[in-house]
Amino acid sequence: MAQLIDGRALSKKIQEKITKEVASLKFRPGLAVVLVGEDPASQIYVKSKERACRAVGFYSEKIVLEKNIAQDKLLTVIKKLNKNPKIHGILVQLPLPKHLDEKIVIDNIDPKKDVDVFHPYNVGELCLKKTLPKLDDLLAPCTPKGVMRMLEEYKIDLEGKKAVVLGRSNLIGKPIALMLLAKNATVEICHSRTKNLAKTSAQADILIAAIGKANFVKKTMVKKGAVVIDVGINRSKQGLVGDVDFKEVEKIAGYITPVPGGVGPMTIACLLENTLLLAKK
Ligand code: NAP
């Protein structure tokens, strides 16, 4: 049976460390969350981010804008936040309503306050790294950084190992692959056009699933003893499930993350870490 990688416990540990550090600072790190419209899932995410900010002693601001807001009005809000000295991190909850251009919106966030690390400047900085600094000092997208934190916590050796990343999104797949590469793993990325995906994934020492397809990864796609990190969050009749068929795969993997309670809580912990990092800079 695989050893469980407990994201909830690790997230709690990170949040306790942040709380202590915030208490010793002469200022309060501040996070602004911008929510456009009333998407129920986004509302839940924003609420949990606000709650986490308060719990560690951050200043937090939630800005709720009507779903029909014009792009220039949204940009004005962002530009004001860019200048607000109380705010060190700005997060625009995605997805945005269709009439808004996400790229233009992200490009207008000051890279020094880009807590989600979606701005091209920060993405470029990450891409150019040949080695990774200590994760405490690394500005990287929250969910991918959460994955790296888990691997670090469980002392998973990445050097020279074969890592396979399922999914190539800018949000998850690509940044995870970049960071694994900077840790000297040999990385292969699979996507919806990949031929023989099952064969490739079955060769992985480290398998990261981030495709958004419930229970997609079966035990035949996993090497015995592999480390399996399930980033997927899918709503199904059984509630929230990952991209990995947990019941099957836990029998042969060496390590596995559950859903829920795996990568999800790490995303929030790393959002707080990034806010603190930007505030200290
Ligand atoms: P996305 O933008 O939809 O990207 C999905 C990726 O998976 C794409 O690269 C796509 O390939 C690939 N893909 C889709 N179906 C595939 C298939 N049948 N075989 C192989 N590849 C396939 O999704 P995302 O934003 O990266 O998110 C991925 C998952 O992570 C989702 O379940 C999401 O809910 C979850 N997520 C979790 C957290 C967390 O905190 N745990 C945070 C964010 C997202 P193409 O590029 O070829 O289309």
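All figures in this text were calculated on a predicted structure; none of them were measured in a lab. Every number for a ligand or one of its atoms is a count from 1 in the order of the listing.
More than 12 heavy atoms of other residues, nucleotides or ligands lie within 6.0 Å of NZ in Lys218, so this atom counts as buried by the packing criterion.
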For a salt bridge (charged side-chain N to carboxylate O under 4.0 Å, His left out) check, start with the C-alpha distance between Glu16 and Lys12, then their side-chain angles and the critical distance, and finish with the verdict. CA-CA 6 Å; Glu16 281 166 3; Lys12 192 163 168 252; 3.8 Å; yes
Would Glu152 and Leu135 count as a side chain to side chain contact (heavy atoms under 4.5 Å, CB included) if you check the C-alpha gap in whole Å, the side-chain angles of each, and the deciding distance to 0.1 Å? CA-CA 9 Å; Glu152 178 187 72; Leu135 290 177; 3.7 Å; yes
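Partners of Ser236 according to the side-chain contact (heavy atoms from CB on, under 4.5 Å) rule, which considers only residues two or more places apart in sequence or in another chain, are Gln238, Val241.
The immediate protein surroundings of ligand 1, defined as residues with any heavy atom under 4.0 Å of it, consist of Thr143, Gly167, Arg168, Ser169, Leu171, Ile172, His191, Ser192, Leu197, Ala210, Ile211, Gly212, Lys213, Phe216, Val231, Gly232, Ile233, Asn234, Val263, Gly264, Thr267.
Taking the side chain as every heavy atom from C-beta outward, Asp116 and Leu94 never approach each other to under 4.5 Å.
If you check the side chains of Thr19 and Gln15, you find no donor sitting under 3.5 Å from an acceptor.
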